[in-house]
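Take a look at the structure below.
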Amino acid sequence: MSAGPAASEIVPPSPGPPPVVADLGGVAVAAGVGLAAGLSVPLTWGVVPAVLAGLGALVLVARRGPGAPDPAVVAALPRARRIALAALILAPAIPLATVAARAIAGVVVAYPAALWAAAPALLAALVLPLVWPLLRRTWSQGLVLCALVFGTFAAGAGGARFEAAGAHARGETWGGPILGIHPFQTTAIVIDGYGPFDLPINDYVEPDGSKGYGPAALAEALTRDLHKIAELQYAEHGPARAHKAFAEATVVAEDLPEARERLDRPSEAPTEPRLHVTSGGVGRASRVEFVCPGAPNDPRPRKPDAVMERMCPDKYSSEASAGLGLTGRWTGYTEVLGQPRLSLGRALGWPRERVTGELRAWAWIALGLVFLAACGPRGRAAAGLSRWGGAVAAIAAVLSILLLVPGLSVQVEAWARPAAWEAPWALAPWVALLALGSGHAAIAAGPARAERGGWRGLVARALPLVAGTAGLACSLAASTWWTPVLTPPTGPAQALPLAGVIAGLGEGLHRSSGLGIDVAEGVVAASAVALLVGLLAALLGPVVRFAGSALAPRRPVLAAHGALLAVIVPAALLVLSRMSAGAAALLAPAAAMAWMAGTGLALAVPGGRRWPAIAEHLLAAVIVVVAGSQALAAQSNRTMWIALGFGVLITLAGLVLLPRVRSASDSATPGPRP
């Protein structure tokens with residue numbers, strides 16, 4: 001069997017960017033996988049085990065080096081081992097790319113302000129490769145990347161202000177005609193899903209204002225009640241979006257054309273007084289609902305209740321809603337949900353309920369655009385996007401530690417609070433930690449050099465993980481960690497992918513920096529898109545090109561394009577997959593196989609200590625099998641069986657890399673035959 005091309009046929013790699021800048025590609029992969037799978041280390045067992053596990057992973061990766069070997073070393077391997085290594089690299093890239101594309105789609109649908117990150121993305125893909133050769137020093141390259149990062153933050157803030165200024169950005173409700181009620185009746189309101197809160201009426205209401213409240217006075221009283229709810233329920237403990245929804249809500253009385261209820265007599269007047277209630281929040285979740293009164297005083301979002309949604313248990317109480325026209329059973333009652341200004345579904349004329357189609361369309365657009373960037377000359381556009389995403393992750397991690405860590409002393413108990421829905425031995429929450437040692441992060445960081453040191457490439461790569469653990473588990477009291485919610489929503493009221501974590505991070509940024517909640521969420525959403533685009537670009541750029549050169553060292557460009565299609569086509573098809581929730585169920589096995597690819601890359605380097613590398617490779621193979629069995633137990637179907645079956649075969653093929661250390665060291669120091 002041929003050992004590969006001769007040394008004279010191998011083109012030496014270009015010098016490339018400085019090591020510090022090159023490491024940003026690895027940061028984009030590690031932080032991007034962390035964002036799609038969970039930004040923090042699981043704390044089910046408490047702080048000490050989580051810290052020990054994190055330090056153990058860092059020591060293992062630093063010992064074998066955070067970068068990939070030189071392509072010439074891989075090209076010199078025997079053909080079977082090169083194919084096995086390429087399979088270990090390409091197979092997990094498929095579900096990772098799918099999850100990244102679907103996560104981008106979820107962020108864009110939930111937060112249209114994130115679309116404004118397209119401007120710095122174009123600069124990173126088109127302009128950055130042109131000016132990069134002109135920047136000879138690391139500090140000048142760092143300044144350009146910092147400008148792109150803060151431009152991303154500004155784009156998210158500008159997008160949020162643009163969305164808030166839309167004519168139909170806020171949810172609205174027009175009541176039916178005001179018929180009047182007598183004192184001490186009640187209605188209840190839900191704004192942006194928060195509530196319901198009872199609104200008692202303590203006097204008469206007459207449409208002509210002859211007794212008690214007139215329409216204008218009633219509107220003023222209801223506005224005061226909504227603002228008081230914001231002050232009493234949400235001012236101190238939030239969430240800030242709920243406070244904004246009630247504090248900026250408005251109620252006005254309008255004279256609108258009469259709604260003919262009876263045809264046996266003529267209308268008394270051409271117009272009728274009605275209440276027009278507007279939410280203080282913006283976006284798809286903004287809506288105003290009037291429901292049955294008598295619910296417990298609970299500031300948390302309302303849970304679905306089929307009985308309460310159909311009828312009020314107390315006829316006397318329900319008459320208040322009818323007399324004010326504030327019931328869906330009354331003629332003229334209309335609810336209008338908040339509408340985004342930038343929306344693919346709205347541009348195509350799709351109904352609001354068609355969220356699944358919009359998610360798939362955005363995911364395909366993300367895959368297609370990064371595919372074009374990866375097909376460019378030498379993948380320079382993809383490299384620019386991955387460095388942009390890595391720089392956003394690194395700077396956002398530092399800012400998160402500075403802004404979120406000061407609140408740790410208040411909520412340290414969150415470190416030890418277990419998550420009841422997750423077993424402590426489950427591997428899915430550890431995906432972010434596995435991403436630190438993945439072969440994809442090593443390849444995106446560039447060839448390993450002895451002078452770079454074992455820890456340099458890991459410091460920035462671990463920063464997002466540290467910031468996520470500190471911020472999500474301590475400063476934000478929502479949960480100890482979070483797992484992806486990538487399944488398509490069943491209705492417009494259901495949370496969209498990644499909306500929860502962005503809302504939580506936006507809440508923390510709002511409280512620590514003083515930014516408005518919409519602006520804070522826009523900044524976080526734009527940063528999330530940048531990070532996920534960086535992950536996608538790193539997977540489809542340097543990772544696929546490296547695998548292509550391993551498959552066919554003599555024709556690396558053609559092999560890279562074939563490997564790119566081998567990743568992009570299944571990823572586009574998996575976007576449609578409901579059985580695997582769009583590859584989200586395959587995320588943990590894919591990350592474990594990516595770890596095995598990292599150990600395989602370490603085995604490709606001649607010399608060094610043999611047995612630690614072999615032991616880590618075998619351990620990674622065991623983790624792949626365990627993660628696959630857990631994923632299959634959680635979601636057993638034909639798609640999962642097929643995907644995990646291929647994964648097991650590739651894992652077994654990856655064991656071919658083990659004897660290579662012995663042959664490489666023996667060939668490096670040949671001795672006389674006995």
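Note that these values count all heavy atoms, side chains included, but never hydrogens, waters or copies made by symmetry. Just so you know, these numbers come straight off a predicted model, no measurement behind them.
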I want to check something: taking the side chain as every heavy atom from C-beta on, are [X] and [Y] in contact at a cut-off of under 4.5 Å?
X	Y	value
L35	L532	yes
R284	P340	yes
S279	F246	no
F197	V190	no
P196	E289	no
V252	L275	no
N202	Y213	yes
V277	I189	yes

### Task
Give a yes or no answer on whether the side chain of W362 reaches the backbone of G106 with a donor-acceptor pair at less than 3.5 Å.
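The answer is no, because no donor-acceptor pair under 3.5 Å joins these two groups.
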
### Task
Using side-chain contact (heavy atoms from CB on, under 4.5 Å) as the criterion, list what pairs up with A503, not counting sequence neighbours.
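Result, side-chain contact (heavy atoms from CB on, under 4.5 Å) vs A503: Y111, E521.
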
### Task
Please list, chain by chain and in numerical order, all residues satisfying side-chain hydrogen bond (donor to acceptor under 3.5 Å, both in side chains) with N637, sequence neighbours excluded.
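With sequence neighbours excluded, N637 shows a side-chain hydrogen bond (donor to acceptor under 3.5 Å, both in side chains) to no residue whatsoever.
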
### Message
For a side-chain hydrogen bond (donor to acceptor under 3.5 Å, both in side chains) check, start with the C-alpha distance between R287 and T173, then their side-chain angles and the critical distance, and finish with the verdict.
### Response
CA-CA 8 Å; R287 64 184 302 170; T173 289; over 6 Å; no

### Query
Should the pair E507-K244 be classified as a salt bridge under the 4.0 Å nitrogen-to-oxygen rule?
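No.
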
### Message
Quick test of your reading of the model: are D518 and R161 salt-bridged, counting only N-O distances below 4.0 Å?
### Response
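So D518 does not pair with R161 through a salt bridge.
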
### Message
Is it the case that the ring center of Y333 lies less than 6.0 angstrom away from the ring center of W174?
### Response
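No; Y333 has its ring centre 6.0 Å or more from that of W174.
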
